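Both backbone and side-chain heavy atoms feed into the values below; hydrogens, waters and symmetry mates do not. The structure presented is a predicted model; accordingly, all values stated were derived computationally and were not measured.
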Amino acid sequence: QVQLVESGGGLVQAGGSLRLSCAASGRTFTYFPMAWFRQAPGKEREFVAAINWSGGTTAYADSVKGRFTISRDNAKNTLYLQMNSLKPEDTAVYYCASGPQGYGSLKTVPYNYWGQGTQVTVSS
């Protein structure tokens, strides 16, 4: 059974930092792209960041570029999202996801494995 379990969310003041983790189990995600998405109340889920299997290629939403960093440790089957300079508009449930290989753009991968999400709340 494939499982993705996020952790590291919480309440932080604007300007602060958080580091999210996503532990994968049930299969080896080493050779697959992984991503972070988020969904704020009343809004659709949106792409945040993605990383290819080796970590050599990344992609970010314009709203987080320069503030968030995605990384992975394949030996630990774990995905990370370092979030700095957090803003109230970053408040959302954050989900990690994994998808199939073979797509040219990390943003267009049809991610098909999802975690349960972790809440991030940024106060002003």
Using the rule that Ile, Leu, Val, Met, Phe, Trp and Tyr join whenever any side-chain heavy atoms are under 4.5 Å apart, tell me whether Met34 and Tyr94 fall into a single cluster.
yes

Sequence neighbours excluded, which residues qualify as side-chain hydrogen bond (donor to acceptor under 3.5 Å, both in side chains) partners of Lys65?
Asp62

My understanding is that only residues two or more places apart in sequence, or in another chain, count here; which of them pass side-chain hydrogen bond (donor to acceptor under 3.5 Å, both in side chains) with Glu46?
Arg38

Quick check: closest heavy atoms across Thr78 and Ser21, and the distance to 0.1 Å?
CG2-CB, 4.4 Å

So the salt bridge (Lys or Arg N to Asp or Glu O under 4.0 Å) pairs with at least one residue in residues 47-59 (sequence neighbours excluded) are none

Would you mind listing every ring-ring contact (aromatic ring centres under 6.0 Å, His included) that reaches into residues 59-87, with sequence neighbours excluded?
none

Not counting sequence neighbours, which residues clear side chain to side chain contact (heavy atoms under 4.5 Å, CB included) with Gln119? List them please.
Thr91, Val93, Thr121

Which residues pass the side chain to side chain contact (heavy atoms under 4.5 Å, CB included) test with Pro110, sequence neighbours left out?
Pro100, Tyr103

Sequence neighbours excluded and cut-off under 3.5 Å, please list the side-chain donor-acceptor pairs for residues 5-17, or say none.
residue, atom, partner, partner atom, Å
Glu6, OE1, Gln116, N, 3.1
Glu6, OE1, Gln116, NE2, 3.4
Glu6, OE1, Gly117, N, 2.9
Glu6, OE2, Cys96, N, 2.8
Glu6, OE2, Gly117, N, 3.3
Ser17, OG, Asn84, OD1, 2.9

Arg67: which residues meet the side-chain hydrogen bond (donor to acceptor under 3.5 Å, both in side chains) condition with it, sequence neighbours left out?
Asp90

Sequence neighbours excluded, which residues qualify as side chain to side chain contact (heavy atoms under 4.5 Å, CB included) partners of Phe32?
Arg27, Ser98, Gln101

Applying disulfide bond (SG atoms under 2.5 Å apart) as the test, list every pair that has at least one member in residues 25-63; sequence neighbours left out.
none

Per-pair distances, 0.1 Å, donor-acceptor, side chain in residues 47-54, under 3.5 Å, sequence neighbours excluded:
residue, atom, partner, partner atom, Å
Asn52, OD1, Gly55, N, 3.0
Asn52, OD1, Gly56, N, 2.9
Asn52, OD1, Thr57, N, 2.9
Asn52, ND2, Ser54, OG, 3.4
Ser54, OG, Gly56, N, 3.1

Tell me, which pairs form a disulfide bond (SG atoms under 2.5 Å apart) where one or both residues lie in residues 27-87, sequence neighbours left out?
none

